[in-house]
Novice: 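Right, I'll just put the structure down here and ask away after.
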There are 2 protein chains.
Amino acid sequence: MRGVMMHAPGDFRVEERADPAILKPTDAVIRLTATCVCGSDLWPYRGAEPIDGPAPIGHEYVGIVEEVGSDVKAVKPGQFVVGGFSASDNTCEICRAGYQTSCVQREWMNSMGAQAERLRVPLADGTLVATPGMPDDDLIPSLLTASDVLATGWFAAVAAQAGPGKTVAVVGDGAVGLLGVLAARQLGAERIIAMSRHESRQKLALDFGATDIVAERGDDGIERIKELTGGFGTHSVIEAVGTQESMLQAIRSIRPGGHVGYVGVAHDVTLDGQELFFSHAHLHGGPAPVRRFLPQLIDLIWNRRIAPGRVFDLTLPLDQAPEAYRAMDTRQAIKALLRP
Amino acid sequence: MRGVMMHAPGDFRVEERADPAILKPTDAVIRLTATCVCGSDLWPYRGAEPIDGPAPIGHEYVGIVEEVGSDVKAVKPGQFVVGGFSASDNTCEICRAGYQTSCVQREWMNSMGAQAERLRVPLADGTLVATPGMPDDDLIPSLLTASDVLATGWFAAVAAQAGPGKTVAVVGDGAVGLLGVLAARQLGAERIIAMSRHESRQKLALDFGATDIVAERGDDGIERIKELTGGFGTHSVIEAVGTQESMLQAIRSIRPGGHVGYVGVAHDVTLDGQELFFSHAHLHGGPAPVRRFLPQLIDLIWNRRIAPGRVFDLTLPLDQAPEAYRAMDTRQAIKALLRP
């Protein structure tokens, strides 16, 4: 089959790879209907994360089950399924508490390489969720977002305790930040301030439910958030970047007692204990437990109550994956969908 | 009047100071029945915090109201009162959310110097809580703990979401850590693991409700906590020290999705963003909003349901404050009460 392989920063190629097979009785193999490039894939692409290559990549996927191992009960061949970016048993104590991305049996899907034609999914029963039937083609992009970016924005909004009566600031205007806006709206937040300097992203943020746009960054951005919130800062902040600057933006935009939900994969971030102490912030985040939210998110998409697939502003055949990376790296595209 | 003055690290003296007076119509002046030395007072004593001296010190106090300003309505001369280590209006949006130590009008009591015979308390209506009557003498130490260490341990336990079904680890065996044990017990925690190497403190922790003692520290301590919790770590950790080592102990002892409540005043603590991200911990803490908990804590003490005053293992007249500092600095005393 064909799949993306990382060779070196900036050198990602579509090559022939071995077809995946059932290795354990809990595995499934799915034929991918769609996959995509994640903001976090740009870290190795930009050389900010080491590449032990050539290695496969990709962790967002929807598709049709082709084969299952003998222990798989919850999904069967022919079903359309969505799975998260890590495999989980969904039965251990950590999964049952809602933290499937810290499952005792966790496997990162990235190492399976979801930017490909087919994919082996470990722990299929605890990882995959089948849709009620075969989806209409226009639902595919939205269902694909549930695999990571929608669920990640949703987790951030939940971690930030976005809800009725709350003012929420969203740091980051990538797909996750934009879907954080959508999630905050769905969760009933009163006011949603999207931080973005890019007109097309501002527009999508407003379509997803943002009530205010703040284009300023750094100290000016914090000042503007304070002005909009009676000097207090927001009740909630969704942090969806993962840099030192974005984390400080989040912590300094929150009011005492407020909640920061951070989901940008932290790179070279160090937090000063004393600043955190006196901020009185709640801090929670990490890799989103996609599996916790999948049934609810699939239901919202299936019933056309949300259209998160709008974050895809570029669709390419799998063979043009290098172009998808280039477009996202240069921020020409918010998010690129790949059709195997 | 007599009061403690900081001159230099290790050089704290009891001297004659000007009597406090009503400066604003919202002030009260109280005659102190008891005050004490806080673990955080040891930071400047040890030279770990700069001293702009000579300067007064002390922020824990109970006493009898002598005089109130014209706007004070909630307390009156002759009443016995307890107040927190910061003054707050208790009416602003931040106070109403329960974060009185971040009140928009906050004043730190330390600068008023509560280790003295008398004390000016700003914003008396929002800071002080009167007891139902004049307390029996044996209740004084317990009421004094409500001014800081009990409320701080309680806030940490609340921030750590200690409660029924939860396993709680307590990092730090000073007065705050020990009263964190007591708070976790009162909040209904199922299992409370006190981390302590000191026999007398271990004993008090057990008396306050600890179910397990872990004497190991660092990686060995984390290993031991994991062993006691099925390999997962605890649901809750109370951090009551404020050093790099203690914060890492806390974050590494928690299970994914667990809650760290940290109240040790952070000194030279830096947290690695990536470690925090993948820990899936909830982090919350800061200066305890004593005022939020005072009515409940006074009630528990008044009705003799808790005896937090047991943390005082040394009682001295105010004039012997230097000896109180020495005893706490060398860990000969857990906490020293001063009688003006």
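Predicted, not measured: the structure shown is a model, and the values here were computed from it.
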Novice: Where is the tightest heavy-atom contact between F277(B) and G264(A), given as atom of each residue plus distance?
Specialist: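 Smallest heavy-atom distance, with atoms named: CE1-O, 3.3 Å.
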
Novice: Do you know which of G258(A), A281(A), P289(A) has the most heavy-atom pairs with chain B at a distance under 4.5 angstrom?
Specialist: A281(A)

Novice: For each of G273(B), P287(B), A266(B), tally heavy-atom pairs with chain A at distances under 4.5 Å, and name the one with the top tally.
Specialist: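 Top option by heavy-atom pairs under 4.5 Å: P287(B).
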
Novice: Chain B heavy atoms under 4.5 Å from V265(A): which part of the residue, side chain, backbone, both or neither?
Specialist: both

Novice: Could you list each donor and acceptor atom pair linking chain A to chain B at less than 3.5 Å?
Specialist:
| unit_1 | atom_1 | unit_2 | atom_2 | d |
| --- | --- | --- | --- | --- |
| E93(A) | OE2 | R255(B) | NH1 | 2.7 |
| S102(A) | OG | H280(B) | ND1 | 2.7 |
| R255(A) | NH1 | E93(B) | OE2 | 2.7 |
| Y262(A) | OH | L276(B) | O | 3.3 |
| V269(A) | O | G273(B) | N | 2.7 |
| L271(A) | N | L271(B) | O | 2.8 |
| L271(A) | O | L271(B) | N | 2.8 |
| G273(A) | N | V269(B) | O | 2.7 |
| L276(A) | O | Y262(B) | OH | 3.3 |
| H280(A) | ND1 | S102(B) | OG | 2.7 |
| H280(A) | NE2 | P287(B) | O | 2.7 |
| A281(A) | O | H284(B) | ND1 | 3.0 |
| H282(A) | NE2 | H284(B) | NE2 | 3.3 |
| L283(A) | N | L283(B) | O | 2.8 |
| L283(A) | O | L283(B) | N | 2.8 |
| H284(A) | ND1 | A281(B) | O | 3.0 |
| H284(A) | NE2 | H282(B) | NE2 | 3.3 |
| P287(A) | O | H280(B) | NE2 | 2.7 |

Novice: Closest approach of F232(B) and V104(A), non-hydrogen atoms and distance?
Specialist: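 Taking F232(B) first and V104(A) second, the nearest heavy atoms are CE2-CG1, 3.6 Å.
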
Novice: Is A97(A) close to chain B through its backbone or its side chain, or both, or neither, when contacts mean heavy atoms under 4.5 Å?
Specialist: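 Neither part, no heavy atoms under 4.5 Å.
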
Novice: Would you mind telling me which of L271(B), V260(B), I94(B), V263(B) has the largest number of heavy-atom pairs within less than 4.5 Å of chain A?
Specialist: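 Ranked by contacts with chain A, first place is L271(B).
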
